[in-house]
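We number each residue from 1, following the sequence as shown. Side chains are part of it too, since the values below use all heavy atoms of this structure and drop only hydrogens, waters and symmetry mates.
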Amino acid sequence: MATRHFLTLLDLSPEELRYLIQRAISIKNGLKTHGPTYTPFANRTLAMIFEKSSTRTRVSFETAMAQFGGHALFLSPRDTQLGRGEPIEDTARVLAEMVDAVMIRTFSHAGLEAYAAASTVPVINALTDDYHPCQLLADIMTWTELRGGVKGRTAVWIGDGNNMCHSWINAARQFDFQLRICCPEGYEPRRDILDAAGDRVTLFRDPREAVTGADLVTTDVWASMGQEEEQSKREAAFADLQVSEALLDLARDDVLFLHCLPAHRGEEISETLLDDPRAVVWQEAGNRLHAQKALLEFLLIGRVDG
């Protein structure tokens, strides 16, 4: 089987993505019923390269490999020759001789693409400045678990046109739902990503208008990693875009609220929003484990029945 990478949601077909969501749900149900008895990765190793800090990403990938019977190696720039200037392509070629897959959490998406181009083992994007596709697998999994198929439904993104927003745009294309993006002027998503989605995506400025009648609402912090110096400026620009219980009241009665976490209570969300039963962020966070198990299995083994 030719090496497959997962750098954005567009690297898999819509049908393959739907398979992954259902497979993730099946893996989760099996773990609940039987415990971690399914171990297809005996003697397999995942290299995890982290240039950005992480809680959910590291724990979910490391746990996934352990529960599947394999092993995960944590590599930071200060622990590898990348931190001393080794070309990224050389690191890719070396690791491909020793490990079965590589997960990278980094800044530059172009750097990730260069790494994948030189790698003969699967490479997974665990976050770049442009995309966060693994989070979207968990998000769509959560939405599917709780509300069934997402095709034709309406999701709302409120906040910055950042890497999460870009991945939500790709998700709207691949899973065939409508996405409303509500952001301040000057903070829109990249035009090429937006244009590629066509009429599946609509821009709004008024959050009340955006969420009216929506099936799902989601947001992210106003200043992502590496943007901390813009915090004050962004707080002013996004001040009217806080997601609160009252804002959710304008959506459908069965609306769900997602957040990729960590959340800044009192900023992009109200102080008590995560206590609202419509907020399913803990299930969403936990689903990172199961969605990434399904992804790793697909990239290393292929489709599995059951």
Side-chain angles (χ1 to χ4, degrees), residues 1-32 36 38-41 44 46 48 56-57 59-65 67-70 72 100-105 112 116 121-128 131-153 155 163-164 166-177 179 200 216 218 256 258 260 280 283-306:
M1 184 174 68
T3 301
R4 300 284 300 272
H5 303 304
F6 186 67
L7 309 187
T8 78
L9 291 172
L10 303 181
D11 286 327
L12 301 185
S13 70
E15 191 276 332
E16 288 171 331
L17 289 169
R18 290 192 296 270
Y19 161 79
L20 277 188
I21 298 304
Q22 293 303 320
R23 180 59 184 155
I25 292 171
S26 177
I27 288 171
K28 179 179 179 178
N29 291 338
L31 183 65
K32 286 182 176 179
Y38 175 56
T39 54
F41 283 0
R44 299 236 187 177
L46 172 71
M48 305 189 304
R56 281 151 292 278
T57 295
V59 173
S60 57
F61 271 107
E62 201 157 330
T63 301
M65 288 301 294
Q67 291 185 350
F68 267 4
D100 298 282
V102 178
M103 178 234 82
I104 303 178
R105 184 176 176 93
L112 175 72
V121 299
V123 176
I124 296 171
N125 177 5
L127 183 140
T128 64
Y131 300 99
H132 196 0
C134 286
Q135 180 65 53
L136 262 292
L137 291 181
D139 291 356
I140 300 300
M141 177 185 174
T142 306
W143 195 4
T144 302
E145 279 185 304
L146 294 171
R147 297 293 183 262
V150 304
K151 181 177 180 178
R153 294 180 182 267
N163 52 3
M164 278 296 299
H166 292 161
S167 287
W168 270 101
I169 293 171
N170 284 346
R173 293 174 59 184
Q174 297 291 72
F175 291 97
D176 196 15
F177 59 84
L179 178 66
R200 286 194 181 88
L216 180 142
T218 185
L256 297 175
L258 299 179
C260 59
V280 291
Q283 179 174 340
E284 173 192 10
N287 280 343
R288 289 289 302 278
L289 169 64
H290 314 295
Q292 288 159 190
K293 277 185 174 180
L295 175 64
L296 286 163
E297 180 189 65
F298 178 78
L299 293 175
L300 291 177
I301 297 175
R303 290 176 182 260
V304 174
D305 295 329

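Closest heavy-atom contact between Ala172 and Leu179: CB-CB, 4.0 Å. Summarising the geometry of Ala24 relative to His290, their closest heavy-atom pair is CB-O, 3.6 Å, with the distance given to 0.1 Å. Across Ala291 and Met141, no two heavy atoms sit closer than the pair N-SD, 4.1 Å. Nearest approach of Leu258 to Val280, heavy atoms of both residues: CD2-CG2, 3.5 Å. Contact between Ala155 and Phe177 at its shortest, heavy atoms only, is CB-CE1, 4.0 Å. Leu289 and Ala64 make their closest contact through CD1-N, 3.5 Å (heavy atoms, listed as atom of the first residue, atom of the second, distance).
Between Arg23 atom CZ and Leu20 atom CG the span is 10.0 Å, to the nearest 0.5 Å. The structure places CZ of Arg56 at 14.0 Å from SG of Cys134, a figure rounded to the nearest 0.5 Å. To the nearest 0.5 Å, the span separating CG on Leu112 from OG1 on Thr128 amounts to 6.5 Å. Once rounded to the nearest 0.5 Å, the distance linking CD1 of Ile124 with CG of Leu296 reads 4.5 Å. With rounding to the nearest 0.5 Å, the separation of CZ in Phe41 from CD in Gln67 is 12.5 Å. To the nearest 0.5 angstrom, Arg147 atom CZ is 11.5 Å from Thr142 atom OG1.
Under the 4.5 Å side-chain criterion, counting only non-hydrogen atoms from C-beta, Leu10 is in contact with Arg173. Side-chain contact between Pro40 and Ile301 is present, with heavy atoms from C-beta onward closer than 4.5 Å. Looking at Gln283 and Glu145, their side chains come closer than 4.5 Å, going by heavy atoms from C-beta outward. Taking 4.5 Å as the limit, some side-chain heavy atom of Leu31 sits within range of a side-chain heavy atom of Pro36. Contact check for Asn125 versus Tyr131: side-chain heavy atoms found under the 4.5 Å cut-off. Taking the side chain as every heavy atom from C-beta outward, Leu137 and Phe6 approach each other to under 4.5 Å. Between Leu9 and Trp168, every side-chain heavy-atom pair lies at or beyond the 4.5 Å cut-off. Proximity of Gln135 to Glu284: side-chain heavy atoms (C-beta onward) are separated by under 4.5 Å at one or more points.
Panel note: side chain His132, backbone Met164; no donor-acceptor pair is recorded below 3.5 Å. Side-chain atoms of Thr63 come within 3.5 Å of backbone atoms of Val59 as a donor-acceptor pair (strictly under, hydrogens ignored). A donor-acceptor contact shorter than 3.5 Å links the side chain of His5 to the backbone of Val123. For Asp11 (side chain) and Thr8 (main-chain N/O), a donor-acceptor pair under 3.5 Å exists by modelled atom type.
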### Task
Show the numbers, then the answer: is there a side chain to side chain contact (heavy atoms under 4.5 Å, CB included) between Arg18 and Thr144?
CA-CA 10 Å; Arg18 290 192 296 270; Thr144 302; over 6 Å; no
### Task
Using the side chain to side chain contact (heavy atoms under 4.5 Å, CB included) rule, take Asp100 and Leu300 through it: C-alpha gap first, then chi angles, then the decisive distance, then the call.
CA-CA 8 Å; Asp100 298 282; Leu300 291 177; 4.2 Å; yes
### Message
Please determine whether side chain to side chain contact (heavy atoms under 4.5 Å, CB included) holds for the pair Phe68 and Thr39, giving the CA-CA distance in whole Å, both sets of side-chain angles, and the decisive distance to 0.1 Å.
### Response
CA-CA 4 Å; Phe68 267 4; Thr39 54; 5.8 Å; no
### Message
Run the side chain to side chain contact (heavy atoms under 4.5 Å, CB included) test on Leu216 and Thr218 for me, step by step, so that the C-alpha distance in whole Å, both residues' side-chain angles and the decisive distance to 0.1 Å come before the verdict.
### Response
CA-CA 7 Å; Leu216 180 142; Thr218 185; 4.1 Å; yes
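Take Asn163 and apply the side chain to side chain donor-acceptor pair (under 3.5 Å) test, not counting sequence neighbours, and it matches no residue. Under the side-chain contact (heavy atoms from CB on, under 4.5 Å) criterion, Asp176 pairs with Lys151, Arg200, not counting sequence neighbours. Partners of Arg153 by salt bridge (Lys or Arg N to Asp or Glu O under 4.0 Å), not counting sequence neighbours, listed by chain and number: Asp215.
The cationic group of Arg303 lies under 6.0 Å from the six-membered ring centre of Tyr19 and within 45° of the ring axis, placing it in a cation-pi geometry.
Note on Arg4 versus Glu16: salt bridge recorded, some NZ/NE/NH1/NH2 to OD/OE distance being below 4.0 Å.
Side chains of Gln174 and Asn170: a donor-acceptor N/O pair is absent below 3.5 angstrom, by distance only. For the residue pair Gln292/Ser60, the side-chain donor-acceptor check at 3.5 Å is satisfied.
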